[in-house]
Amino acid sequence: MMTQFRKRRFAVLRLGAAIPVVAAMMMLCSFTVKTPLPAAGDPDRPTVTVHISSGGKILFNGRPVTVGDLERLIAAEREKLSEADRAQMEVVLRADKDAPMADLADVMDASRRAHAFRLKLTAEASDPGIVRMLPPDPLRLPADSADYALPATNRNDR
């Protein structure tokens, strides 16, 4: 007579082998990495502040301006700086929650045309913000664009 296969004979051993695997997966997925918050701002870095209110009103360093004047004002602030500081100039774009997206895009465009490529987006004064590098305007590159280079950045420069 043939012996019958017993399905439950090693069930406890199979369950015992699965427990460490499940525990390891739970521990692996539960660990989080806490990254330090960036500093409130680099005091050595030259900045200009553009604020966009929910009504679409644009303020440049606290003064109301139009979108057309914005490029000229950013370029004038950039020209006041030394050559080394020009690459580090940061445009802080502070926008209210209900600010029109078209105005944000216009400010980014004006900053890019003024060759101020470092942009810091913030929602509130206490917000550390997100720093982004804007690409240069391809229509305004010099004729010999092989010699034109963006300012060097690295991850620690944020």
Side-chain angles (χ1 to χ4, degrees), residues 18 20-158:
V21 173
V22 171
M25 292 301 290
M26 287 174 57
M27 287 180 12
L28 181 68
C29 295
S30 67
F31 290 127
T32 58
V33 177
K34 291 187 178 183
T35 56
L37 291 174
D42 188 2
D44 298 333
R45 181 167 299 186
T47 61
V48 294
T49 305
V50 179
H51 182 266
I52 302 175
S53 67
S54 57
K57 185 176 179 182
I58 300 174
L59 301 173
F60 178 79
N61 287 341
R63 297 185 329 246
V65 296
T66 63
V67 176
D69 294 336
L70 201 56
E71 178 185 348
R72 181 182 52 80
L73 291 170
I74 293 173
E77 288 292 323
R78 190 170 179 273
E79 291 299 318
K80 291 178 187 176
L81 302 172
S82 68
E83 194 67 36
D85 287 342
R86 287 181 190 174
Q88 297 299 317
M89 182 179 158
E90 189 172 75
V91 177
V92 178
L93 177 55
R94 213 171 263 140
D96 290 343
K97 184 174 80 170
D98 299 328
M101 286 302 292
D103 290 341
L104 266 78
D106 289 341
V107 169
M108 287 184 199
D109 237 11
S111 176
R112 187 169 76 160
R113 286 192 308 265
H115 296 288
F117 299 119
R118 185 181 300 276
L119 185 71
K120 184 176 188 178
L121 303 164
T122 62
E124 301 171 355
S126 62
D127 184 17
I130 301 169
V131 178
R132 294 289 180 248
M133 290 296 289
L134 297 173
D137 189 3
L139 300 176
R140 292 185 164 228
L141 285 176
D144 185 17
S145 61
D147 295 337
Y148 188 77
L150 285 176
T153 60
N154 58 24
R155 294 195 83 32
N156 297 331
D157 197 23
R158 289 184 187 175

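Quick caveat: nothing in here was measured; it's all calculated off a predicted structure.
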Rounded to the nearest 0.5 Å, what separation is found between the [atom1] atom of [X] and the [atom2] atom of [Y]?
X      : Y      : atom1 : atom2 : result
Met108 : Leu119 : CE    : CG    : 5.5 Å
Met89  : Arg118 : CE    : CZ    : 11.5 Å
His115 : Glu71  : NE2   : CD    : 8.5 Å
Leu73  : Thr66  : CG    : OG1   : 8.5 Å
Glu90  : Arg45  : CD    : CZ    : 5.0 Å

Donor-acceptor contact present, side-chain [X] to main-chain [Y], <3.5 Å:
X      : Y      : value
Asp106 : Val67  : no
Ser111 : Ala116 : yes
Arg86  : Arg78  : yes

With side-chain contact (heavy atoms from CB on, under 4.5 Å) as the test, would you mind laying out the steps for Ile74 and Leu70 before giving the verdict?
-> CA-CA 6 Å; Ile74 293 173; Leu70 201 56; 4.1 Å; yes

Which heavy atom of [X] sits nearest to which heavy atom of [Y], and what is that distance?
X      : Y      : answer
Asp103 : Gly56  : OD2-CA, 3.3 Å
Thr122 : Gly129 : CG2-CA, 3.5 Å
Ser54  : Pro100 : O-CD, 3.9 Å
Ala99  : Ile52  : CB-CG2, 3.8 Å
Phe60  : Glu77  : CZ-CG, 3.8 Å
Ser53  : Asp96  : CA-OD2, 3.1 Å

Given the rule in the side-chain contact (heavy atoms from CB on, under 4.5 Å) test, do Thr49 and Arg94 qualify, once you have shown the distances and angles that lead to the verdict?
-> CA-CA 7 Å; Thr49 305; Arg94 213 171 263 140; 3.9 Å; yes

Is there side-chain contact between Ile58 and Val50, with at least one heavy-atom pair below 4.5 Å?
-> yes

